[in-house]
J.: 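Attaching a single structure in structure tokens format; questions to follow.
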Amino acid sequence: MNQKVVLITGCSSGIGLALAVRLAKDEKKRFMVYATMRNLAKSEALVEAAGRTLGRTLEIKQLDVCDEKSIKACVDNLPMRSVDILISNAGMGMIGPIECQTIDEMKTVMDTNFFGLVRLLKEILPGMKKRKSGHIVVISSVMGIQGILFNDIYAASKFAVEGFCESLAVQALRFNLNISLIEPGPVITEFERKVFEEGVKIDLSKADKVTADMFTNIYLKNYNQIFQSLGQTPEDVAEHTFKMITMENPPFRHQTNSLYTPMTTLKYADPNGDLPIETFYKMVFEHDKVFNASLNFLKLLRWRSRKSFTLDKDKNAS
Ligand SMILES: NC(=O)C1=CN([C@@H]2O[C@H](COP(=O)(O)OP(=O)(O)OC[C@H]3O[C@@H](n4cnc5c(N)ncnc54)[C@H](OP(=O)(O)O)[C@@H]3O)[C@@H](O)[C@H]2O)C=CC1
Ligand SMILES: CC1=C(/C=C/C(C)=C/C=C/C(C)=C/C=O)C(C)(C)CCC1
């Protein structure tokens with residue numbers, strides 16, 4: 001059987017881990033997954049989740065998207081240096097007022113989220129072009145479509161990813177290659193925890209009082225609530241991505257969270273661009289009580305559906 005070779009970056013946790021396992025456990029065994037991570041000492045969670053697929057349909061390799069040599073070494077070690085499906089997933093978040101962030105910190109985000117993808121493609125695209133076959137799947141974000149308060153640099157890195165892929169997609173078509181951007185909203189992973197923990201530690205003394213207050217009392221205060229109300233699981237995002245990979249004609253863009261699409265739709269609804277900005281402003285500063293009540297309501301609905309799912313499962317088991 002002709003198995004497709006899949007290379008995934010950032011598989012030590014979250015979406016990368018869930019996707020690697022989902023593909024490796026494909027019941028038709030259609031994929032040979034090379035699940036990569038920059039630090040192999042962090043492979044325990046993947047090893048456990050991969051179970052019996054390890055050494056069969058899944059192998060773990062070292063790859064740091066910020067290090068060209070590590071990418072080359074990893075690709076050189078693949079059978080015939082050939083990748084059928086590249087999943088560019090490795091990434092990091094960053095929140096806070098720009099006055100409190102250094103240019104070096106910002107460059108690390110761009111280097112990982114944007115240049116990480118560029119480095120991968122410089123190594124893998126020529127082979128795909130030669131074979132006239134391949135699928136490039138990029139874990140972007142809703143923030144690749146729409147900026148969010150205090151995510152200035154992260155959103156810029158994902159906009160860069162989207163602009164890059166949009167440009168490349170036309171050339172790719174000439175070589176029969178597919179490019180798909182996966183655009184999740186909030187996902188409950190290490191990303192959420194790391195970003196929040198870094199966020200609360202920020203020294204806000206370089207920001208003015210209004211900005212510091214907005215970050216602490218509006219953004220950080222709502223952060224956990226937003227993830228609890230709208231957040232998807234990494235397995236859910238992996239399932240959406242799996243569908244894109246197994247489709248005959250995968251779309252260029254795919255948003256994974258239907259609860260979030262009303263927000264991104266605002267962007268496409270107004271060519272002047274004011275509608276989403278004014279709506280976000282109103283949600284945060286003028287209708288914050290309605291916004292919070294809606295989030296609470298969503299959270300309650302999800303809690304109830306999870307509870308009835310658990311009860312049904314228990315009933316079926318007994
Ligand atoms: N969680 C969310 O709300 C959302 C996330 N996304 C995107 O999804 C992708 C995956 O994030 P998610 O699973 O949520 O977060 P996690 O923090 O759980 O996973 C991120 C992964 O990227 C890896 N990584 C970071 N830097 C590098 C590097 N230089 N080279 C190789 N790997 C690296 C991390 O490795 P290590 O453990 O070593 O740090 C980790 O394995 C990211 O691109 C993110 O931007 C998009 C929308 C929403
Ligand atoms: C919905 C919404 C908000 C927050 C959105 C968040 C926090 C989204 C996070 C998305 C992530 C983490 C994407 C990762 O790539 C705000 C700004 C409070 C304003 C009102 C509407």
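Counting convention: from 1, in listed order, for ligands and their atoms alike.
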J.: I'd like to check the salt bridge (Lys or Arg N to Asp or Glu O under 4.0 Å) partners of E105; sequence neighbours left out, ordered by chain and number.
T.: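 Expected list: none.
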J.: Got more than 12 heavy atoms from elsewhere within 6.0 Å of CG, L40?
T.: yes
J.: Can you establish whether the number of heavy atoms outside F175 located under 6.0 Å from its atom CZ is more than 12?
T.: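 Enclosed.
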J.: List the closest protein heavy-atom neighbour of atom 8 (C) of ligand 2: residue, atom name, distance to the nearest 0.1 Å.
T.: Y260 OH, 3.9 Å
J.: Checking a contact table here: which protein heavy atom is nearest atom 7 (C) of ligand 2, and how many Å away?
T.: Y219 OH, 3.6 Å
J.: Could you check whether atom NZ of K4 has more than 12 heavy atoms from other residues, nucleotides or ligands sitting under 6.0 Å from it?
T.: no
J.: Checking contacts here: is it the side chain or the backbone of I226 that comes within 4.0 Å of ligand 2, counting heavy atoms only? Could be both or neither.
T.: side chain
J.: May I ask you to identify the nearest protein heavy atom to atom 20 (C) of ligand 2, giving residue, atom name and distance to one decimal place in Å?
T.: F291 CZ, 3.6 Å
J.: Would you say F159 has more than 12 foreign heavy atoms packed within less than 6.0 Å of its CZ?
T.: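 For F159, atom CZ is crowded (more than 12 foreign heavy atoms under 6.0 Å).
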J.: Say whether F227 and ligand 2 are in contact under the criterion: heavy-atom distance to a ligand atom below 4.0 Å.
T.: yes
J.: Would you call R30-D26 a salt bridge at under 4.0 Å N-O?
T.: yes
J.: Among all protein heavy atoms, pick the one closest to atom 17 (C) of ligand 2 and tell me residue, atom and distance.
T.: I148 CG2, 3.5 Å
J.: Does the salt bridge (Lys or Arg N to Asp or Glu O under 4.0 Å) test come out yes or no for D76 and K69, once each step is laid out?
T.: CA-CA 10 Å; D76 282 347; K69 280 194 196 128; over 6 Å; no
J.: Any side-chain heavy atom of P276 within less than 4.5 Å of one from M263?
T.: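 No - every pair of side-chain heavy atoms lies 4.5 Å or more apart.
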J.: If you count heavy atoms of other groups shown closer than 6.0 angstrom to CD of E27, is the number above 12?
T.: yes
J.: With respect to atom 13 (C) of ligand 2, which of P262, G231, G93, S141 exhibits the smallest heavy-atom separation?
T.: S141
J.: With side chains defined as the heavy atoms from C-beta onward, is the minimum distance between R38 and V65 less than 4.5 Å?
T.: no
J.: Please report which non-hydrogen protein atom sits nearest to atom 11 (C) of ligand 2, along with the residue it belongs to and the distance in Å to one decimal place.
T.: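 Among all protein heavy atoms, the one nearest atom 11 (C) of ligand 2 is M143 CE, 3.4 Å.
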J.: Which atoms of ligand 2 sit under 4.0 Å from any heavy atom of M283?
T.: 21 (C)
J.: Can you tell me the protein heavy atom closest to atom 19 (C) of ligand 2 and the distance?
T.: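 Of every protein heavy atom, V284 CG2, 3.5 Å lies nearest to atom 19 (C) of ligand 2.
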J.: At a non-hydrogen distance cut-off of under 4.0 Å, which region of M263 contacts ligand 2 (side chain, backbone, both, or neither)?
T.: side chain
J.: May I ask whether Y154 has any heavy atom positioned less than 4.0 angstrom from an atom of ligand 2?
T.: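 Yes, that is the case, since the closest heavy atom of the residue is under 4.0 Å from the ligand.
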J.: Can you tell me if E44 has over 12 outside heavy atoms packed within less than 6.0 Å of its CD?
T.: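 Not more than 12 within 6.0 Å, no.
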J.: When the ring centroid of Y223 is compared with that of F215, is the distance short of 6.0 Å?
T.: no
J.: Just to be sure I understand the cut-off, which residues have at least one non-hydrogen atom under 4.0 angstrom from an atom of ligand 1?
T.: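 Its neighbours under 4.0 Å (heavy atoms only) are G10, C11, S12, S13, G14, I15, R38, K42, L63, D64, V65, C66, N89, A90, G91, T112, I139, S140, S141, Y154, K158, P184, G185, P186, V187, T189, E190, F191, K194, F227, given by chain and number.
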